[in-house]
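Okay, structure first, notes after.
The residues of the chain are indexed from 1 along the displayed sequence. Keep in mind the model is a prediction, meaning the values are calculated, not measured.
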Amino acid sequence: QVQLVESGGGLVQPGGSLRLSCAASGSIFSINAMGWYRQAPGKQRELVANITSGGSTNYADFVKGRFTISRDNAKNTVYLQMNSLKPEDTAVYYCNADQVRISKYVVQNNCWGQGTQVTVSS
């Protein structure tokens, strides 16, 4: 069983910064892609950024130049550095891990964390 635990959310003023972390635990051999999604009240969950085990990254247009995703493969941890935060960044941020190999023959797909609240307000 793979568990993802996020941390680092909170309340920040517009223009401020936060760093989110997500650690995957369990019997993990490898993880292909890890990423961050967010969901604001009344809206659908949307991709923020993801990163492959090789370090290739993908960002939503609305965070390009402001957010940076990174990961530590040895720790099965992904990070999201969020700078120049705007009120419209307010949402619950969810960690995702895809193609998690837990044994030679078993891969779990699309694993989710419980979410961490980010609120940008003055």
Side-chain angles (χ1 to χ4, degrees):
Q1 189 79 12
V2 175
Q3 289 189 323
L4 302 178
V5 179
E6 300 106 332
S7 61
L11 173 64
V12 64
Q13 292 187 341
S17 298
L18 283 175
R19 188 187 193 217
L20 305 183
S21 299
C22 170
S25 62
S27 178
I28 297 172
F29 281 42
S30 64
I31 303 175
N32 183 19
M34 299 187 77
W36 291 93
Y37 289 71
R38 70 185 189 186
Q39 188 167 19
K43 295 188 177 181
Q44 290 188 331
R45 191 173 297 188
E46 59 185 356
L47 173 69
V48 175
N50 56 24
I51 183 169
T52 68
S53 58
S56 296
T57 59
N58 177 49
Y59 293 92
D61 286 343
F62 53 77
V63 302
K64 284 182 179 178
R66 300 189 298 126
F67 292 8
T68 302
I69 190 169
S70 60
R71 67 187 278 180
D72 184 332
N73 290 331
K75 296 181 179 180
N76 292 322
T77 299
V78 64
Y79 306 95
L80 185 68
Q81 178 66 43
M82 304 186 294
N83 298 329
S84 302
L85 282 160
K86 305 175 181 179
E88 51 263 43
D89 293 318
T90 296
V92 177
Y93 284 70
Y94 295 91
C95 177
N96 177 272
D98 197 25
Q99 295 181 31
V100 182
R101 182 167 295 280
I102 61 172
S103 75
K104 185 177 180 180
Y105 301 107
V106 180
V107 174
Q108 288 191 354
N109 294 315
N110 216 21
C111 305
W112 292 95
Q114 81 287 352
T116 185
Q117 177 70 46
V118 171
T119 302
V120 185
S121 175
S122 55

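Y93 has its side chain out of reach of Q39: every pair of non-hydrogen atoms, C-beta onward, lies at least 4.5 Å apart. Side chains of P14 and P87 form a contact here, defined as non-hydrogen atoms less than 4.5 Å apart. Side-chain contact check for C111 versus N96: every heavy-atom pair is 4.5 Å or farther apart.
Residue A24 comes nearest to M34 through the heavy atom pair CB-CE, 4.5 Å, listed as atom of the first residue, atom of the second, then distance. For the residue pair W36 and L20, the shortest heavy atom distance occurs at CH2-CB, 3.6 Å. In this structure, V78 and C95 approach most closely via the heavy-atom pair CG1-SG, 3.8 Å. Heavy atoms only, all atoms of each residue included: V63 and V48 are closest at CG2-O, 3.6 Å. Heavy atoms only, all atoms of each residue included: R101 and K104 are closest at NH1-O, 2.7 Å. What you find for S17 and S84 is that their closest heavy atoms are OG-N, 4.4 Å.
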Begin from the C-alpha positions of K86 and D89 and carry the test salt bridge (charged side-chain N to carboxylate O under 4.0 Å, His left out) through to its verdict. CA-CA 5 Å; K86 305 175 181 179; D89 293 318; over 6 Å; no
Assess the residue pair D72 and T77 against the criterion (side-chain hydrogen bond (donor to acceptor under 3.5 Å, both in side chains)); give the C-alpha distance rounded to whole Å, side-chain angles, the decisive distance to 0.1 Å, and a yes or no. CA-CA 5 Å; D72 184 332; T77 299; over 6 Å; no
With side chain to side chain contact (heavy atoms under 4.5 Å, CB included) as the test, would you mind laying out the steps for T116 and V92 before giving the verdict? CA-CA 5 Å; T116 185; V92 177; 6.0 Å; no
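Atom CG in L80 sits 6.0 Å away from atom CD1 in I69 (nearest 0.5 Å). Interatomic distance, L47 CG to N58 CG, rounded to the nearest 0.5 Å: 6.0 Å. In this structure, CD in Q81 is found 7.0 Å from OG1 in T68, a value given to the nearest 0.5 Å.
N109 contributes no side-chain N or O that, together with a main-chain N or O of D98, makes up a donor-acceptor pair within less than 3.5 Å. With hydrogens and angles disregarded, a donor-acceptor distance shorter than 3.5 Å links the side chain of E6 to the backbone of G115. Under a 3.5 Å cut-off, the side chain of R71 and the backbone N or O of I51 do form a donor-acceptor pair. Without hydrogens or angle criteria, T90 side chain to V120 main chain gives a donor-acceptor distance under 3.5 Å.
Cluster membership for V100 and F29, using ILVMFWY side-chain heavy atoms within less than 4.5 angstrom, is not shared. A single hydrophobic cluster is seen to contain both I102 and I31, as judged by linkage of ILVMFWY side chains at heavy-atom distances under 4.5 Å, directly or through other members. Under a hydrophobic-cluster definition in which Ile, Leu, Val, Met, Phe, Trp and Tyr are linked whenever side-chain heavy atoms come within less than 4.5 Å, directly or via other members, V5 and Y79 are assigned to different clusters. The hydrophobic cluster containing Y37 does not contain F67, counting ILVMFWY residues as joined when their side-chain heavy atoms lie under 4.5 angstrom apart, directly or transitively.
No more than 12 heavy atoms of other residues, nucleotides or ligands shown are found within 6.0 angstrom of CD on Q3. For CD of E88, the number of neighbouring non-hydrogen atoms (other residues, nucleotides, ligands) closer than 6.0 Å is greater than 12.
A cation-pi arrangement is absent between R38 and Y94, since the terminal nitrogen or guanidinium carbon is not both under 6.0 Å from the aromatic centre and inside a 45° cone about the axis.
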